[in-house]
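All residue numbers refer to positions in the sequence shown, counting from 1.
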Amino acid sequence: MVTATRMFVRFLIASGRCRPGLDDAIPTIAMWRLATLPQYLPTDDVERIIAVCDPSLPLGARDQAIILLMARLGLRGSDIVGLRFTDINWQDATLVVSGKSRRATRLPLPQDVGDALLHYLESARPPVDIDCVFIPSMAPWGPLSRSVIRQTAARAITRAGISAPTSGARVFRHSAATTMLRQGASLQTIGDILRHTSIETSAHYAKVDIALLQHVARPWPEVSLC
């Protein structure tokens, strides 16, 4: 709102309706990197969203596999779009993801994720010769777009009746990180799974662990302890 107001005042100055320099009276608002809290869902809500996907239907099977990849491994929408058959190693239950940095990372494939992925490939995926794991349910064939991944996340959240801070795919990535933290995973482990380039990015999720923060927060000196 502040930015829009400043731009409007500059328009008034340029059109001669306002004296020059008045836009300097509108202060800027500080926006520090990683200053906001992560937008995430409680674990129970994530499980409800996964459960509402009907694996007996082709679209439901695809939705469930996609959401499990985001909720368990924190995959981005671009990771899922770029997933190829050669990235899956069924023998040792691992998954190779390149991500934004193009640096290949091998991740463990949890049992429920592998089961949902295998069910989609065997029972729901159209039998076409395309290297992409996830494809549209109807022709033309090809990789899914990132907008389809966002729609998949939003559709499942709406179907579950969950009030989410955001309906995009990123909320599952943030939820995976906060869940791992509360289960005792170290920031280094979370950073390795989410493929963060800096530990500062992983530390961003520590702000939602209120119980952990209570151990390091010092009491206010002028207030007696409860």
Side-chain angles (χ1 to χ4, degrees), residues 40-99 104-138 141-162 164 166-180 183 185 190 192-195:
Y40 70 99
L41 292 168
T43 303
D44 291 344
D45 286 353
V46 173
E47 297 305 316
R48 282 176 56 189
I49 293 171
I50 295 171
V52 297
C53 299
D54 187 356
S56 65
L57 302 175
L59 188 59
R62 191 186 73 183
D63 287 357
Q64 190 174 76
I66 289 175
I67 292 174
L68 277 167
L69 284 169
M70 295 188 293
R72 300 290 190 255
L73 298 178
L75 263 60
R76 302 181 178 93
S78 56
D79 299 329
I80 295 174
V81 168
L83 194 63
R84 300 293 187 270
F85 285 110
T86 53
D87 296 330
I88 306 174
N89 191 324
W90 297 105
Q91 302 300 322
D92 60 3
T94 58
L95 191 71
V96 175
V97 181
S98 296
T105 302
R106 188 176 297 275
L107 301 175
L109 190 63
Q111 185 67 47
D112 57 348
V113 181
D115 290 343
L117 195 55
L118 186 61
H119 173 69
Y120 164 69
L121 295 177
E122 291 182 339
S123 306
R125 185 183 186 275
V128 294
D129 188 17
I130 297 178
D131 190 33
C132 304
V133 173
F134 295 103
I135 61 174
S137 56
M138 297 182 295
W141 311 116
L144 297 180
S145 65
R146 294 176 63 178
S147 63
V148 172
I149 305 300
R150 288 193 296 270
Q151 292 166 9
T152 298
R155 181 168 57 244
I157 291 172
T158 301
R159 190 183 299 118
I162 300 296
T166 176
S167 59
R170 184 178 295 272
V171 70
F172 290 102
R173 179 175 173 85
H174 290 179
S175 301
T178 54
T179 297
M180 286 187 286
Q183 290 175 346
I190 295 173
D192 291 341
I193 294 177
L194 298 187
R195 292 154 288 133

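- Heavy atoms only, all atoms of each residue included: S175 and V171 are closest at OG-O, 2.6 Å.
- Rounded to the nearest 0.5 Å, atoms CZ (R159) and CD1 (I157) are 11.0 Å apart.
- Between L73 and P110, the shortest heavy-atom contact is CD2-CD, 3.9 Å.
- Of all heavy-atom pairs spanning P126 and P136, the tightest one is CG-O, 3.7 Å.
- For residues 53-68, the salt bridge (Lys or Arg N to Asp or Glu O under 4.0 Å) pairs, not counting sequence neighbours, are D63-R155.
- The closest side-chain heavy-atom distance from F134 to P143 is not below 4.5 Å.
- For the atom pair CG of D115 and CG of L109, the computed distance is 9.0 Å after rounding to the nearest 0.5 Å.
- When side chains are defined from C-beta on, V97 does not count as touching D87, because their heavy atoms never get closer than 4.5 Å.
- Formation of a donor-acceptor pair under 3.5 Å by the H119 side chain with backbone atoms of A61 is not found in this model.
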Let's go through L107 and L75 carefully: what are the C-alpha distance in whole Å and the side-chain angles of both, what is the deciding distance for side chain to side chain contact (heavy atoms under 4.5 Å, CB included) to 0.1 Å, and is it a yes or a no? CA-CA 10 Å; L107 301 175; L75 263 60; 4.1 Å; yes
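- Of the possible donor and acceptor atoms, one in the side chain of Q64 sits under 3.5 Å from a partner among the backbone N and O of I50.
- For the pair V81/S145, no side-chain contact is recorded, criterion being any heavy-atom separation below 4.5 Å from C-beta on.
- Under the rule for a side-chain contact (heavy atoms from CB on, under 4.5 Å), the partners of N89 that lie at least two apart in sequence or sit in another chain are Q91, D92, T94, R106.
- Only one option out of V96, D131, I66, V133 pairs with L83 in a side-chain contact (heavy atoms from CB on, under 4.5 Å); it is V133.
- L41 has its side chain within reach of I49: a pair of non-hydrogen atoms, C-beta onward, lies under 4.5 Å apart.
- Atom CG in L59 sits 7.0 Å away from atom OG1 in T152 (nearest 0.5 Å).
- Put simply, CG on L144 and CD1 on I149 are 5.0 Å apart, with the number rounded to the nearest 0.5 Å.
- Without hydrogens or angle criteria, R72 side chain to M70 main chain gives no donor-acceptor distance under 3.5 Å.
- The side-chain contact (heavy atoms from CB on, under 4.5 Å) test with L95 is passed by exactly one of L69, V113, D79: L69.
- Applying the side-chain hydrogen bond (donor to acceptor under 3.5 Å, both in side chains) test to residues at least two apart or on different chains, none of the pairs has a partner in residues 120-130.
- Taking 4.5 Å as the limit, every side-chain heavy atom of I130 sits out of range of all side-chain heavy atoms of F85.
- Side chain of R48 to backbone of A160: a donor-acceptor contact under 3.5 angstrom is found.
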